[in-house]
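One structure below.
This structure is a prediction, so every number in the text was calculated from the model and none was measured.
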Amino acid sequence: MIDSKTLTVYIDGPLNAQALDEVQEKINNLEINTGDIVVMDCTQMSYICSSGLRIFLAMHKDVTQRGSKLIIRGLQPLVKNVFDMTGFTPIFNIE
Amino acid sequence: MKKILGFRVVLNLTLVVLLVGGLVYTLGFGICLYLARQEVARESNEKAALAISNIQGYVDAELKRVEDIGYTLLSSKFGKTTRFDDGGSFVTIDPQTFVLPSEEEVCAMLDQFINANPHICGVAIGFENFVYPKTTGQYGFAAYVTNVSGKNELFKLGEIHDFHEKEWYKEAAVQNRPYWSRPFRETSRGKVVACYSIPLHGIGNRLVGVMALDIDTEAFRVKCGEAAPFPNAEVAMVDREFRFVSHPDTTYILKSIAEVGTYADYQADDSMRIKMMNHESGQYVVNEGTEHEGMFYFAPIERTGWMLSIECSKNEVYGNVERMKRDTTFIAVVSILLMIVCFIFFFRRLQKVTLSKAGIESELKIASAIQMGMIPKLYPAFPNRKDLDVYGMLHPAKSVGGDLYDYFVRDEKLFFCIGDVSGKGVPASLYMAVVRSLFRNVSLHTNAPAEIIGGLNTALSEGNDHNMFCTMFLGVLDLKSGHLDYCNAGHNAPIVRRLNEDNTVNVYYTKPKVNLAIGVLPDFPYVSEETHLKPGEAIFLYTDGVTEAENRSKELFGEEATLKTLADARNNNVRSAIDFVDYVYRTLRSYAQGAEQSDDITMLIVEYKGVDSDDINV
């Protein structure tokens, strides 16, 4: 755990169907090592579509499998509503 | 059928493009060619005019030099030169200084003269018989010195023939004027010479003799060849009787035009002949329309009354234009062929793409029909039941979508659900089909919504590598009691229409317990809830395509507006389930202002009418 580092991913703007592929590709290119803490900073994310949630879900599964930790930070109220409504809030670490 | 149609379209388009392109090209090419011809003709005229004035100048200068030398010689030896008003001259013996030279002195003088003036190829002087009465010549005294291959030869003409009758002597004597004789072939060397004769006067203007200078016309012929405006242009000179003085073909020399036959077939109007006869300048197109077509330029040599002419063949004048025409035509043909090839290639590709696109589209149409076939659409849904009014609507944003609803009655219980698969299009639709069949299957075995959803969740969570998930609201309504069990797996909160004690209507969002969407965690503990519907009460289920419908400004319809629409529908006397859904849908469309539907729009309304529904009047 000494070498563990914190990786912060910023998602800016609306995470809609048009932005999905780009975001997914960028996330796929991240190098995440065991023990790393990944922070998804959503302070500037104004909207999320249902497919957008899949990105968080995939990230969560991936990071958890590696024994790392995913933290979601700065959800705007509207976005938080989507997380709440779909029941995803309890399964994520949301700050 | 499609293929034939496509080919025809390609053919027609190709033809149209070729036709239009060809027309434009031909027009442009024609104009270019016309302008080029004009330019070339202008240039050719200029070149010819330049050549003519060049040759004219040269010949005139040469002739004048001969004349001047003649006068210089005569006046130095015999007397003074008198010029006529019209430019002609004669020489008069000066009685004060004149001493008649001896015959030997005359011959030596001519010999000396020839040595000093190499461009004069012969000089002669003849006298009237009274001047040298003691001469040995049978016909009088006349000396002629000519240079034959570097050596001067002297001829005493009076011993050979009566020179007084020869043209060079006679014409100058009779006309009493200097005279350019017709060119002739000089016998000693075979040269074609022009001869200038000057009369010599004694006291009282009495003719004493004539001096003549010969000039070789070969120099003119060479000059004509050098000055030709085009390499193959025919530059010629004819004398007063239209005999050739100069011509590229030496065999023509001294032959008359009529004899040679040239010009005879010129198809030009008579004005050309008249102009030539009158020693005027002119330019004509000759033999127009035949393969010998050409430009014919002519101008006079005033001093001798000769005519200078230049004939250029059309092929030579317009050679560059013709080459340009040929090259451009070649390029045009090649580019048209290339164009055809490109067109065929391009349209084949387009055809393929169109066909494959058409194939996908028709497959999508079929897929859409299949998907729509999965969800119940009949209305009334249960014609034999009076205790229930159910209607659902699904409008995918694309051909196929990820929304679903379903309902059926088993054991006097209505099983109904609405769901929204994450994502859109074909992947979502496949998932939706799976969800819908699982719902039908699992619902056969249990009446508890949480168990049904749990079953679906377990099945869908396995091997869900793509992290697809589905939000769902599922309800089981006991049609005898109005008791409603439900489970909300991450779906939008339903809106209910409740009746107050005083039968007034209350429409509001429920706040169901939120369970996780299905397909995420295989062992998520789903929890059911329960409530009770009184006859006349209804539950309205929808997907986010309703609350998040967008207008042109990308503004969302919103939950408030959705709720208000439902309340308004009631006030607008909308009663049946189908009218209700239709009312909401129309409201959404008018809100969208024609903006493209961004998400699937799905609604399901379930109204419980109660066992004795006939008695209820809401």
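- Shown here is B/H466, whose NE2 atom has no more than 12 heavy atoms of other residues, nucleotides or ligands within 6.0 Å.
- With a 4.5 Å cut-off on non-hydrogen atoms, B/N492 touches chain A through its backbone and its side chain both.
- Looking at A/Y47, the atoms closer than 4.5 Å to chain B (heavy atoms on both sides) all sit in the side chain, from C-beta outward.
- Open room surrounds CD on B/E596; 12 or fewer heavy atoms of other groups in view lie less than 6.0 Å from it.
- Heavy atoms closer than 4.5 Å to chain B are found nowhere in A/L20, neither backbone nor side chain.
- Atom CZ of B/F469 and atom CG of A/L53 lie 4.5 Å apart (nearest 0.5 Å).
- Across all non-hydrogen atoms, the minimal contact from A/K61 to B/N464 is NZ-O, 3.6 Å.
- Nearest heavy-atom pair across B/N467 and A/R54 is O-CG, 2.9 Å.
- Within 6.0 Å of atom NZ in B/K377, more than 12 heavy atoms from other residues, nucleotides or ligands are found, so the atom counts as buried in its surroundings.
- Residue-environment remark: CD (A/E95) exceeds the threshold of 12 foreign heavy atoms within 6.0 Å.
- Nearest heavy atoms, A/D84 versus B/V514: O-CG1, 3.1 Å.
- Atoms CE and OG1, from B/M472 and A/T86 in turn, are 15.0 Å apart once rounded to the nearest 0.5 Å.
- A distance of 7.0 Å separates CG of B/L521 from NE2 of A/H60, quoted to the nearest 0.5 Å.
- Between atom CG of residue A/N16 and atom NZ of residue B/K554 there is a gap of 8.5 Å, rounded to the nearest 0.5 Å.
- Here the side chain of A/S51 pairs a donor or acceptor atom with the backbone of B/G423 at under 3.5 angstrom.
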